[in-house]
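Quick notes on the structure that follows.
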Amino acid sequence: MAMIDEPLYPIAVLIDELKNEDIQLRLNSIRRLSTIARALGEERTRKELIPFLSENNDDDDEVLLAMAEELGVFIPYVGGVEYAHVLLPPLETLCTVEETCVRDKAVESLCRIGAQMKENDLVDWFIPLVKRLAAGEWFTARVSSCGLFHIAYPSAPEMLKTELRSIYSQLCQDDMPMVRRSAASNLGKFAATVEPTHLKTDIMSIFEDLTQDDQDSVRLLAVEGCAALGKLLEPQDCVAHILPVIVNFSQDKSWRVRYMVANQLYELCEAVGPEPTRTDLVPAYVRLLRDNEAEVRIAAAGKVTKFCRILNPQLAIQHILPCVKELSSDSSQHVRSALASVIMGMAPVLGKDATIEQLLPIFLSLLKDEFPDVRLNIISKLDQVNQVIGIDLLSQSLLPAIVELAEDRHWRVRLAIIEYIPLLASQLGVGFFDDKLGALCMQWLEDKVYSIRDAAANNLKRLAEEFGPDWAMQHIIPQVLEMINNPHYLYRMTILHAISLLAPVMGSEITCSKLLPVVINSSKDRVPNIKFNVAKVLQSLIPIVDQSVVEQTIRPCLVELSEDPDVDVRFFASQALQTSDQVMMSS
Amino acid sequence: MNGGGDAEVASPAGPPQSLEWKFSQVFGERTAGEEVQEVDIISAIEFDKTGDHLATGDRGGRVVLFERTDTRHHGFRRDLERMDNPISRHPEFRYKTEFQSHEPEFDYLKSLEIEEKINKIRWCQTANSALFLLSTNDKTIKFWKVQEKKVKKICEMNVDPSRVGNGNVASSSVTAGVKPYLANGVCPERSYNYLSNDFAFSPGGIPSLHLPVVVASHETSLVAKCRRIYAHAHDYHINSISNNSDGETFISADDLRINLWNLEISNQSFNIVDVKPANMEDLTEVITSAEFHPTHCNMLAYSSSKGSIRLIDLRQSALCDNHTKLFEEQEAPGSRSFFTEIIASISDIKFGKNGRYILSRDYMTLKLWDINMDAGPVATFQVHEYLRPKLCDLYENDSIFDKFECCLSGDGLRVATGSYSNLFRVFGVMSGSTEASTLEASKNPMRRQVQTPSRPSRSLSSLTRVVRRDSPGVDTNGNAFDFTTKLLHLAWHPTENSIACAAANSLYMYYA
């Protein structure tokens, strides 16, 4: 047993705890692996620490995950890039464990290390590792290998490249669907490193196999590859090889595959060019917008704006808009909701005339939707439509929709609409707001649900910021202060909260003349909760008002409260007094 | 065995010989007079895909694993020897490990007790040397990893553990975690400051420090760890779980709904079947069992209390309320009685290995369905026809609601299911086969064997004869039955003719 010098003691404990029984301590040590490495020095890190880690790989998954992450940035501690290969063995073992997140992290770290390694080191160390994993007995190793090819391939000599391509194609035909899925999802990355000549032959045939896999879960991932591959290919090759596949996929038996197509289709438009888009992709997309399965329509509807941005307006109006009209009265509320969240974005694409003629009726019908989410989604994107047609055309339908949402049965809906009020206010302007919405804002302060009252107070503050103190003085402050006489203490508390939020916006003068007296008055309230909230509000007012006001008004009130029979009131009052002391000292 | 069958032997797939079942092993055998503890009663049995492992679950929430002992080490030579030797070795298992999978719980919102009883166990894909399985009680599904770990000893620490006061170790352990809070904001651990990054280590490292030495012994210990818990997705009792062939998803079914899960994601599931009517008074049918197709990842079947099996295609729609195929037997006119609906309820369904056939068990029969033929079952086997006159008694003591499981042999040639008096029955399914054995879950399974001379299905002459007439529980027809000893759970080895069945707390294994 070596005797350890006193200064080394903590690092010694840290090293020992790599093998502690408590998983938390082991995790600690692993997370500070770089400290341990620096204490041991580069050479001993290479010769002792890394082999030690390779051997002790049957730890809990949490520890292994941390180890995989740490090793990814370990190159400096083993002596730089030329020694990077010593980090490969422990990560190789981590690539074979059962837990997916550990494997993924190990692959990520290997990629990070591989990207820094010298070309001949990659050939000597990294590529053999990839080949070993790809030939692994258990599927876990083979799954991991798929994510490493794009690092290994570029520096491989010609012979090895051929071999790597054929190994990858074997992985795509593996017995285990997990391996095929991994190969499918990494195909795009790998393909990006492969030379164009092989891309057209080898990679495309791999891709074709994957697109015909009998497991839905594999075909799904092949769809994702379509867009990635499409971008790598020349447009004419893309039209020849990818386009038929995606058109096929858009009519796949499995709704999950069609769902993926609906999500990805717009990305392919650029790769194939305008003409095939018009002849093939638009019809495919229109089919998806009219799919039998609601989930597919949801995905398609959610991409309608992105798709239209790529098309010329003429095509959009001619082909897409009729579908959009149908979707706005879809039987599934989720489809309508997805449409409502993006449809506002179509206004700039279509231009003013088409928007007024065609889109406006759709907006209006969605604004009257029976499902609150749909209405909310329209309202949340109001600024986009304002830029095209102005709010006037909408405002008449807008108001009933807002009022209805403001009084919705579900408090979460009310909460959502409150959050849009400042946006609406800025879009609609002061005049419209005063008439119609002002009363609503006050009404929320007396909502039965705390979260709504809280949001309402915040809303008042944001309105005051938007329209300025003068406006607030006229339209907010009198109404708010009136409510301090509400018989229920919870509502009085809301008002106190609103005052504390409004004060910084209103400035010192209005605070002293209007707000402060109300607060001071409330300190005589019979409910202790109000009294200690008064103390808290007063504390927040101290930095806003003049020193003299603090001395003459706030402190006497706090002193009185600090002698209150209630312990909580005394506590918050004395806290506020302390703050005022500090402010005085600093000034 | 029978002339009709032999005549067709020209084709190599003629009806196989009736199997001669022999006792192989028993685990947890009861000694005479020993009372069975409720918690020890086995409630689930499942072989893994290779047949090298067997898992049982019990009412006490425990899962017990067994491993096969007779294979594994045999090499090529052993195979050759075996071919010369007509007496083939049969699967033999030994106790591997056990763990507590579920504990009794209480749902405070609904004021309901949740039993710890294991309803189903399903094996998942093995990876490396670790075994994975899903187990479920009425509400919660758990994903278990069982792994062998080498017992290791740590020696040569830097710091002599005996020299270190407890206080010191404890305080060093909090350094990277939560710092002890002190009023003056200074960390009390002086040494902690040394660990901050500005502490300069000499570039050569500190020679006096060394890594702990780990000495691995040859001993191993099995560790079961719960990797994931899939909870709060079922309002009703879970009756089945089933893995998908894609290796990443599984389903769980309760009385009214079927949910689809990803094995990696425990906080969300997708509802794929929902038979709950808007008004619960309109409820006429519940889901009793559900299983994925063994190879087609998009197909699954579920059975109902009305005796129908529905095949659904996950590709068609996200919510599969419309079935692709419906398998139902038209009831014979005039045969309707008070019990017709009750005994029609299917208690279990299983796909055959290649996915072409579905076996279903209702109270009185086993039915084999071809998924290409929805007009009716291809074969029906009477399990305990002698009980038909007693349905009234069975209704009164609730036995009529017992849920018997069924299973198919790996080659799909035979089917088996349980009955009362710890009996189970094995039938040959090949056309022309007359195999219909009755076996008792005891050390002498053939004691009660009955050979019915003709094909049991749709046959009037299929009267069950009885061997033992001196049994105390014999009824007027000479049939013995004891409905307190029922054999509900059994499983057929995936590759060999070997059956594991549960009689109360005992696990019996037979081979042929």
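Computed from heavy atoms alone, side chains included, the values below leave out hydrogens, waters and symmetry copies. So that the names make sense, note that chain A is the first sequence line, chain B the second, and so on, each numbered from 1.
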Query - Toward chain A, the part of B/Thr295 with a non-hydrogen atom under 4.5 Å - result: backbone
**Report entry** Close side-chain approach of B/Arg227 and A/Glu98, heavy atoms under 4.5 Å
**Finding:** no
Query raised in the report: A/Arg180 versus chain B, heavy atoms under 4.5 Å apart: side chain, backbone, both or neither?
Result: neither
Requested in this report: State, yes or no, whether a side-chain contact exists between B/Glu248 and A/Thr100 at a heavy-atom distance under 4.5 Å.
Outcome: no
Report task. Measure from the side-chain N and O atoms of B/Lys149 to the backbone N and O of A/Asp58, and report whether any donor-acceptor pair falls under 3.5 Å. Result -> yes
Query - Residues in side-chain contact (heavy atoms from CB on, under 4.5 Å) contact with A/Asp252, at least two apart in sequence or another chain - result: A/Arg219, A/Phe249, A/Ser254, A/Val257, A/Arg258
Report summary line: Distance col, row B/Leu209:CG vs A/Ile15:CD1, nearest 0.5 angstrom, shows 4.5 Å
Query raised in the report: Under 6.0 Å from the CD atom of A/Gln24, do we count more than 12 heavy atoms belonging to anything else shown?
Result: no
Query - Max heavy-atom pair count under 4.5 Å with chain B, selected residue of A/Leu18, A/Asp22, A/Asn56 - result: A/Asn56
Report task. Check A/Pro177 against B/Ser245 and note the closest heavy-atom contact, atom names and distance. Result -> CG-O, 3.6 Å
Query - Interface moiety of A/Asp213 toward chain B, non-hydrogen atoms closer than 4.5 Å - result: neither
Query - Selection from A/Glu48, A/Met176, A/Glu99, A/Glu43 maximising heavy-atom pairs under 4.5 Å formed with chain B - result: A/Glu99
Query raised in the report: Taking atom OH of A/Tyr259 as the centre, does the number of heavy atoms from other residues, nucleotides or ligands within less than 6.0 Å exceed 12?
Result: no
Requested in this report: Heavy-atom distances under 4.5 Å only: say whether A/Glu55 touches chain B with side chain, backbone, both or neither.
Outcome: backbone
**Report entry** B/Leu211 side, atom CG; A/Ile36 side, atom CD1 - distance, nearest 0.5 Å
**Finding:** 7.5 Å
**Report entry** side-chain contact (heavy atoms from CB on, under 4.5 Å) partners for B/Ala318, two or more places apart
**Finding:** A/Trp255, A/Glu293, A/Glu295
Query - Proximity breakdown for A/Leu49 and chain B, heavy-atom pairs closer than 4.5 Å - result: both
Report task. May I ask you to check whether over 12 heavy atoms, not counting those of B/Asn271, lie within 6.0 Å of atom CG? Result -> yes
Query raised in the report: How about A/Tyr83: does its OH atom have over 12 heavy atoms from other parts shown lying under 6.0 Å from it?
Result: no
Query raised in the report: Hey, what do you get for CD1 (A/Ile11) to CD1 (B/Ile206), rounding to the nearest 0.5 Å?
Result: 6.5 Å
Report task. Determine whether the side chains of A/Gln215 and B/Asp246 contain a donor N or O and an acceptor N or O closer than 3.5 Å. Result -> no
Query raised in the report: Can you check whether B/Pro212 reaches A/Phe52 side chain to side chain, under 4.5 Å on heavy atoms?
Result: yes
Requested in this report: Evaluate whether atom CG of B/Asp321 has more than 12 neighbouring non-hydrogen atoms of other residues, nucleotides or ligands under 6.0 angstrom away.
Outcome: yes
Query raised in the report: Can you name the nearest heavy-atom pair linking B/Cys297 to A/Asp216, along with the distance?
Result: SG-N, 3.7 Å
Query - N-O pairing of A/Asp60 and B/Lys225 below 4.0 Å - result: yes
